Amino acid sequence: MDTNALMMPVELDVRVFDELDRLFGLGSVDLVVPESVVAELAKLSAGNGEESVAASVGADLAADRCREVETEATYADDALVELGARGDCEYVVTNDQPLRDRLLERGVRVIGLRGRNTLSITEP
C-alpha cells in the first residue's frame, strides 16, 4: 500500500479496502505497508488541512489493516519498488503515475484508480 492509496478514502472518496475485497476477498490477501510509508503518513498528518486529515486517516488504516514491513529504502516509492522487484508483494496499490511506471517496468502488477471510485489491476 502506497501513501496516496491509504489517503484515497478522504481525498477521493474511494473505499479502498472494499475495492480490494471486491478484487480479491480481503481474507485471502496479506496487506503490507513499508515503514517509510508509515513515516511519510506521520509527517503529512502533522500539517494542516485536508491533506493532513487524509494522512491521519491513512495512518490509522495502515495500523489497523496492514502489516508494517522493513525495507532498505527510506524513500516510500523506492521501498515499494524494492518490495515488488524482490517478489515480496504481488501487487502494489498506488495512484502515483511515475511510481506505477517504475513498477510496471520491473514486472510488478499495479492496482490503481479506474474511473471515479473503482480500483483495477494493471498487468506489466
Side-chain angles (χ1 to χ4, degrees):
M1 300 288 293
D2 185 21
T3 303
N4 66 41
L6 289 161
M7 293 171 62
M8 279 185 201
V10 173
E11 291 186 328
L12 302 173
D13 196 28
V14 175
R15 300 178 61 92
V16 175
F17 294 98
D18 288 349
E19 280 296 299
L20 292 172
D21 187 36
R22 180 184 62 79
L23 289 171
F24 302 108
L26 281 180
S28 65
V29 293
D30 179 26
L31 300 174
V32 299
V33 60
E35 59 189 2
S36 55
V37 167
V38 173
E40 185 175 16
L41 288 167
K43 181 180 175 184
L44 291 171
S45 67
N48 294 314
E50 185 176 329
E51 181 180 64
S52 173
V53 171
S56 180
V57 169
D60 289 344
L61 289 171
D64 291 344
R65 300 191 178 208
C66 301
R67 179 174 53 89
E68 189 173 337
V69 295
E70 293 182 20
T71 62
E72 292 184 23
T74 56
Y75 179 61
D77 288 2
D78 293 343
L80 290 159
V81 171
E82 177 186 324
L83 288 171
R86 69 182 190 203
D88 288 353
C89 61
E90 294 182 46
Y91 303 87
V92 172
V93 183
T94 185
N95 215 36
D96 178 323
Q97 190 61 48
L99 176 58
R100 289 170 58 93
D101 294 343
R102 286 178 65 193
L103 291 162
L104 292 169
E105 286 173 7
R106 287 165 179 80
V108 180
R109 293 177 281 194
V110 177
I111 298 172
L113 194 60
R114 175 193 231 171
R116 188 170 172 267
N117 58 2
T118 303
L119 295 180
S120 67
I121 300 169
T122 303
E123 298 282 341

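On a predicted model such as this, the values are computed, not experimentally measured, just so you know.
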Distance-minimising heavy-atom pair for Ile111 and Ile121
CG1-CG1, 3.9 Å
Heavy-atom pair of closest approach, residues Val14 and Arg116
CG2-O, 3.9 Å
Mark yes when over 12 heavy atoms from residues, nucleotides or ligands other than Arg22 sit less than 6.0 Å from its CZ; otherwise mark no.
yes
Just wondering, more than 12 heavy atoms not from Glu70 lying within 6.0 Å of its CD?
no
Got Arg109 and Pro124 here, is their nearest side-chain heavy-atom distance under 4.5 Å?
yes
As an exercise, state the distance from CG of Asn117 to CE of Met8, rounded to the nearest 0.5 Å.
11.0 Å
Do Met7 and Val57 come close enough that some side-chain heavy atom pair is under 4.5 Å?
no
Counterpart residues, salt bridge (charged side-chain N to carboxylate O under 4.0 Å, His left out), relative to Asp101 (two or more places apart):
none
Find the distance between CG (Asn4) and CD (Glu51) and round it off to the nearest 0.5 Å.
11.0 Å
Whether Ser45 side chain and Ser56 backbone form a donor-acceptor pair below 3.5 Å
no
Could you list all the ring pair (Phe, Tyr, Trp, His ring centres under 6.0 Å) pairs where at least one residue sits in residues 85-115, not counting sequence neighbours?
Phe24-Tyr91
Once salt bridge (charged side-chain N to carboxylate O under 4.0 Å, His left out) is applied, do any residues pair with Arg86, and if so which ones, sequence neighbours excluded?
Glu82, Asp88
Tell me if the CD atom of Glu72 is crowded by more than 12 foreign heavy atoms within 6.0 Å.
no
Residues that Ala59 engages under side-chain contact (heavy atoms from CB on, under 4.5 Å), provided they are two or more places apart
Leu41
Residues Val81 and Leu99: closest non-hydrogen pair is CG2-CD1, 3.7 Å
Minimum side-chain heavy-atom gap Leu6-Val16 below 4.5 Å
no
Against Leu80, only a single residue in Val93, Thr71, Val108, Asp2 fulfils side-chain contact (heavy atoms from CB on, under 4.5 Å); can you say which?
Asp2
Could you check whether atom CG of Asp64 has more than 12 heavy atoms from other residues, nucleotides or ligands sitting under 6.0 Å from it?
yes
For Asp78, which residues count as a side-chain contact (heavy atoms from CB on, under 4.5 Å) partner, sequence neighbours excluded?
Ala73, Tyr75, Arg102
Do Leu12 and Asn95 pass the side-chain contact (heavy atoms from CB on, under 4.5 Å) test, and can you show the C-alpha distance, the side-chain angles, and the key distance before you say yes or no?
CA-CA 11 Å; Leu12 302 173; Asn95 215 36; 4.2 Å; yes
Does the side chain of Val10 reach to within under 4.5 Å of the side chain of Glu50, using non-hydrogen atoms?
yes
What pair of heavy atoms forms the shortest contact from Pro34 to Ala79, and how long is it?
CB-CB, 3.8 Å
For residues Arg114 and Ser120, report the shortest heavy-atom separation together with the two atoms involved.
CB-OG, 3.4 Å
Contact check, side chains of Met1 and Val37, non-hydrogen atoms, under 4.5 Å:
no
Apart from Val69 itself, what residues make up its hydrophobic cluster when side-chain heavy atoms of I, L, V, M, F, W and Y under 4.5 Å apart count as a link, directly or indirectly?
Val32, Leu83
Shortest non-hydrogen contact from Leu104 toward Thr122
CD2-O, 3.7 Å
